[in-house]
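Values reported hereafter were calculated over all heavy atoms of this structure, with side chains retained and with hydrogens, waters and symmetry mates removed.
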Amino acid sequence: MVEIVSGAWGPDAGTHISLRFPAAGVNQTATVDCRDVCGLNVSDRCSFIQTNPDCHNEGGYLDYLEGVFCHFSPGLLPLAIILYVFWLLYLFLILGVTAAKFFCPNLSAISITLKLSHNVAGVTFLAFGNGAPDIFSALVAFSDPRTASLAFGALFGAGVLVTTVVAGGIAILHPFTAASRPFLRDIIFYMGAVFLTFTALYLGRVTLAWALGSLGLYVFYVLTVVLCTWLYRWRRRMSRVCSTPGTPELLSDAEDDVVSSNTNSYDYGDEYRPLLFYQETTVQILVRALNPLDYRKWRNKSVYWRALKVFKIPVEFLLLLTVPVVDPDKDDRNWKRPLNCLHLVISPLVLVLTLQSGAYGIYEIGGLVPVWAVVVTVGTGVASVTFFSTSNNEPPRLHWLFAFLGFLTSALWINAAATEVVNILRSLGVVFRLSNTVLGLTLLAWGNSIGDVFSDFTLARQGYPRMAFSACFGGIIFNILVGVGLGCLLQVSRSHADVKLEPDGLLVWVLAGALGLSLTFSLVSVPLQCFQLGKGYGFCLLLFYLNFLVIALLTEFGVIHLKSV
């Protein structure tokens with residue numbers, strides 16, 4: 001017998017399914033929350049996981065909960081957890097490699113093909129590329145109401161991490177004077193995005209109007225950036241007309257770092273080009289294009305880089321085989337005739353086998369021919385025509401279309417990896433009885449933000465702290481507005497109903513309040529310092545994050561809680 005009951009306010013708030021099991025003539029009622037599995041007898045855990053709907057994943061290729069409780073004996077549970085953690089770290093590595101080497105370059109090529117300005121491309125395509133792991137993790141989490149709090153925890157947790165630890169670390173590594181106008185513009189829009197998300201949490205639901213409003217606010221932000229850029233260029237042209245000869249022009253707050261970085265650029269790859277030209281065969285081109293290892297870098301890099309590269313090689317080889325990359329900066333635009341023709345067969349196959357975890361790929365047309373077989377047949381025909389109508393030396397006129405194919409393929413690779421990340425985190429939450437929110441603000445936020453941490457710190461060490469500091473506040477606006485807005489919009493359109501939010505009690509309010517306080521602190525303290533940021537400001541932000549993390553964990557384990565009235 002099944003009964004629907006309503007939970008109380010707190011980590012277990014929301015609607016749960018209750019089953020009544022007749023035993024010895026007495027009805028026993030148990031709330032079927034998947035996290036209750038660890039309280040059962042060892043012999044009952046596997047059947048509980050297999051029969052409880054709350055333990056089933058909506059997508060993904062592996063059932064991690066069934067693996068833990070059905071395929072590992074209770075004594076090997078620590079080994080299963082260790083294996084899951086290593087697989088989680090490897091999935092984060094896959095996300096980082098796919099976004100950095102395949103997703104972002106294709107987005108850059110698309111923006112150049114469409115002739116977008118740097119500012120518009122930066123706040124649209126390139127922001128999508130930099131925030132791809134966060135966006136796809138949010139889309140996957142919002143597709144299941146049980147993991148929606150995981151998305152809020154990840155987006156807000158990454159926001160707190162980037163605006164405190166990363167921003168503070170930049171100020172500690174390289175004290176600098178912040179760009180005033182871009183900083184104020186970005187932080188005001190960021191606070192607006194946080195307030196908009198706060199209203200959704202307060203109301204407990206997301207409507208179609210709210211999702212469209214969130215996306216509309218980001219469009220307004222893009223238009224503001226474009227307008228500010230146009231006004232700056234107009235003022236600069238007017239100052240050129242009015243300025244006397246020999247007067248140095250004043251650079252904008254956001255462009256001086258870019259100019260200085262461009263003046264120091266040099267293509268050292270020319271030094272390694274052979275003096276004598278020779279014609280490579282088709283097989284040699286294919287082998288070289290599929291080789292993910294650069295032997296010159298391997299000899300010059302450290303042991304740690306080599307160890308990480310060993311783990312990256314299988315991922316990079318698989319991505320090189322399945323994802324085309326267009327590079328407008330190269331003379332041949334990265335045209336590799338045999339490999340690109342192979343992409344015309346493999347990339348569409350990857351698309352249908354990763355979309356909805358392969359559900360569409362194995363669907364049989366008319367009950368006879370599977371979709372994947374049709375895709376392979378059509379792709380083989382197109383690849384054959386392309387191979388015999390092109391040459392190895394010169395890219396075809398429609399080579400730019402490979403950027404769109406690479407964009408779609410890499411996006412679905414990221415989505416597939418993000419789905420597995422969300423499923424693993426949910427499984428770890430069940431095993432350790434942790435809420436989705438705390439998993440989002442810790443493991444998921446740390447994993448998705450590790451690339452931002454390294455890239456921004458590297459920029460600061462190289463002498464470009466303003467550029468890195470601007471990225472802390474500008475890039476994450478896209479993650480919150482588009483991640484929450486688009487995820488909820490897709491869910492509303494799919495279910496034709498409002499998205500119900502079931503926040504994990506006090507913890508989600510601690511998370512939202514911490515992000516709001518960190519932004520308010522920067523908004524007040526940075527102008528008071530006349531935008532001159534030093535180590536004191538950086539250490540204050542690091543201390544703020546440590547206090548936030550302690551309060552969040554104490555709230556999760558019930559040390560800090562709301563008194564019931």
Side-chain angles (χ1 to χ4, degrees), residues 107-108 110-131 159 162-163 167 170 176-196 212-263 265 456 459 463-482 485 519-520 522-533:
L107 281 178
S108 178
I110 291 174
S111 65
I112 293 175
T113 302
L114 299 178
K115 297 180 180 180
L116 299 177
S117 66
H118 293 290
N119 289 285
V120 176
V123 297
T124 53
F125 283 106
L126 297 183
F128 188 22
N130 293 333
V162 172
T163 56
I170 292 170
F176 65 101
T177 301
S180 57
R181 289 186 297 273
F183 168 76
L184 293 175
R185 178 196 66 206
D186 290 343
I187 200 170
I188 289 173
F189 271 99
Y190 195 178
M191 295 182 73
V194 173
F195 177 77
L196 189 64
L212 293 175
S214 178
L215 296 175
L217 180 58
Y218 186 74
V219 173
F220 180 63
Y221 169 68
V222 173
L223 294 177
T224 303
V225 172
V226 174
L227 179 61
C228 292
T229 303
W230 182 83
L231 289 175
Y232 167 75
R233 289 178 178 175
W234 178 77
R235 284 183 53 197
R236 190 173 182 181
R237 285 196 300 266
M238 295 299 295
S239 64
R240 271 199 202 137
V241 174
C242 300
S243 62
T244 59
T247 303
E249 293 183 10
L250 192 62
L251 292 175
S252 70
D253 293 329
E255 294 186 14
D256 53 355
D257 287 327
V258 179
V259 173
S260 61
S261 63
N262 289 336
T263 56
S265 62
D456 290 341
L459 280 174
Y464 311 119
R466 285 173 133 190
M467 192 186 305
F469 189 75
S470 298
C472 295
F473 295 92
I476 207 163
I477 297 175
F478 181 89
N479 296 353
I480 287 189
L481 288 177
V482 179
L519 294 175
T520 304
S522 294
L523 180 62
V524 174
S525 62
V526 172
L528 288 178
Q529 300 174 78
C530 297
F531 298 93
Q532 297 179 358
L533 307 182

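- Between Ile170 atom CD1 and Phe176 atom CZ the span is 6.5 Å, to the nearest 0.5 Å.
- For the atom pair OH (Tyr190) and CD1 (Ile477), the distance works out to 8.0 Å, reported to the nearest 0.5 Å.
- For Phe183, the ring-ring contact (aromatic ring centres under 6.0 Å, His included) criterion is met by Phe469, Phe473, not counting sequence neighbours.
- Annotation: side chain to side chain contact (heavy atoms under 4.5 Å, CB included) contacts of Leu223 (sequence neighbours excluded): Val219.
- The distance from the SG atom of Cys228 to the CZ atom of Arg185 is 5.5 Å, given to the nearest 0.5 Å.
- Note that CG of Leu217 is 9.0 Å distant from OG1 of Thr224, once rounded to the nearest 0.5 Å.
- Atom CD1 of Ile480 and atom CG of Leu196 lie 10.0 Å apart (nearest 0.5 Å).
- At distances below 3.5 Å, at least one donor-acceptor pair connects side-chain atoms of Ser214 with backbone N or O atoms of Leu481.
- Each of Thr163, Thr520, Leu519 was evaluated against Ile187; a single residue qualifies, Leu519, per the side chain to side chain contact (heavy atoms under 4.5 Å, CB included) test.
- Met191 CE to Asp186 CG: the interatomic distance, rounded to the nearest 0.5 Å, is 13.5 Å.
- Using a 4.5 Å heavy-atom threshold, the side chains of Phe189 and Leu184 count as separate.
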